Amino acid sequence: MKEINDLIQAMEELLKQALTDINQADSSDALKQIRVKYTGKKGSLNQFTRQMGQLSAEEKPQLGQAISHFQKDFNLAFAEASEAIQAEEMAQALAKEALDVTLPGKRRKYGTRHILTQTRQEIEDFFLGMGYQVIEGPEVELDAYNFERMNLPKDHPARDMQDTFYIDEEVLLRTHTSPVQARTLEIHDFSKGPLKMISPGKVFRRDDDDATHSHQFQQIEGLVVDQGITMADLSGTLLAFSKQMFGEETEIRLRPSYFPFTEPSVEVDVTCFKCHGQGCAMCKKSGWIEILGAGLVHPNVLRMSGIDPSIYSGFAFGLGIERVAMLRNNIDDIRHFYQNDIRFLQQYKGGAY
Ligand code: FA5
């Protein structure tokens, strides 16, 4: 009889210990481990159950009762603790995920369009508004279009002014956007109306890089061909363009110049928008700033594209986008455009996406 009493005594001790452990558990995981420790297959309770076979017929029910008493108290305490711990864990998780709407939001960093892109798009917008098409041409170009069809046959001395990077004898990186003139002229159907186009894009020259020159830069070509186009059309167009880009009070002046693909040819100056023509450091005291080259399309250029110069005439112009962007934004070195220094680029936020 002593043995069964000892067993029951030991079980009571075990229950006390189990209830203490349950009360001290601080997480669902800890509780799970307690259940394994006491009621699992290899748990403490099983050590008692296994002794059942060795007990007498009177002793067996006594141990059975003690075991079910243990299980009842254990399960009750376990369920209570489990509920409390789960509630606590849920509260903690919710607190962690809670959204504090009074906190300041995280600022998103937005990029901006590059200042050259902004400038190009502004120029495009102006000409689109005047009914021009925007047409792009290839950067890797044939010598035939870049030079010959622009009235610069092989060995023409003016080719020296635009030396470039050659892929082979006949293929090169274009030195200007002018070859798009020839490419467009040869496919335009004049029975459907005049040709009015601009062509923006990258061009390449074997120039040494300095504050105002780069071996790669961007131009915009302009070309209008119809019957009866004159210098007056060119002049009026460029005046409207200059007022748009540099201010309503801007005037322009045409100076005689030379390009093989235009005749007559001119350099176009605008009144200095800093001193309004008075003379300052920006315009080197002249009151004028050169912005582009232009002229009436040379009859040879029209002829080589299959257009009769006795019926059609046109004007063309070409400007450097970097130059316009530098003038308008007071940028003193062309190399700033290409160095991707965020401190420089962020000063021109006008073009946020
Ligand atoms: C031309 O390229 C002619 N195709 C322009 C033209 C078109 C004239 C149609 C008449 C009719 P020019 O070599 O001057 O011309 O270049 C035009 C502009 O490109 C210059 O005014 C300048 O702003 C820019 N430019 C020329 N070389 C460089 C360079 N190395 N770096 C940056 N910009 C340049």
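Just follow the structure's listing: the first ligand is 1, and inside any ligand the first atom is 1. Given the structure is predicted, the values throughout are model-derived calculations rather than measurements. Scope of the values below: all heavy atoms of this structure, side chains included, with no hydrogens, waters or symmetry mates.
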*Student check: side-chain heavy atoms of Asp168 and Val171 closer than 4.5 Å*: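 Yes - at least one pair of side-chain heavy atoms lies under 4.5 Å apart.
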
Margin query: Using a 3.5 Å distance criterion without hydrogens, assess whether the side chain of Glu13 forms a donor-acceptor pair with backbone atoms of Gln9.
Written below: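 Not confirmed, Glu13 side chain does not pair with Gln9 backbone.
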
Problem set entry | Within the protein, residues bringing a heavy atom under 4.0 Å of ligand 1, chain by chain |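 If the criterion is a heavy atom under 4.0 Å, then ligand 1 touches Gln162, His176, Ser178, Gln181, Arg205, Asp207, Thr212, His213, Ser214, Phe217, Gln219, Glu221, Phe259, Phe261, Thr262, Gly293, Ala294, Ala316, Phe317, Gly318, Gly320, Arg323, Ile334.
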
Anything under 30° is parallel, anything over 60° is perpendicular, the rest tilted; go ahead and classify Phe337 against His114.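 The rings of Phe337 and His114 sit tilted, inter-plane angle from 30° to 60°.
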
message = The criterion is ring-ring contact (aromatic ring centres under 6.0 Å, His included); which residues satisfy it with Phe48, sequence neighbours excluded?
response =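 With sequence neighbours excluded, Phe48 shows a ring-ring contact (aromatic ring centres under 6.0 Å, His included) to no residue whatsoever.
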
- Message: Less than 6.0 angstrom from the centroid, inside 45 degrees of the normal: does Arg183 satisfy that with respect to the ring of Tyr145?
- Response: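 Yes.
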
In this structure, are over 12 heavy atoms from other groups packed under 6.0 Å from Asp155 atom CG?
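No, because the 6.0 Å sphere around CG of Asp155 holds 12 heavy atoms or fewer from other groups.
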
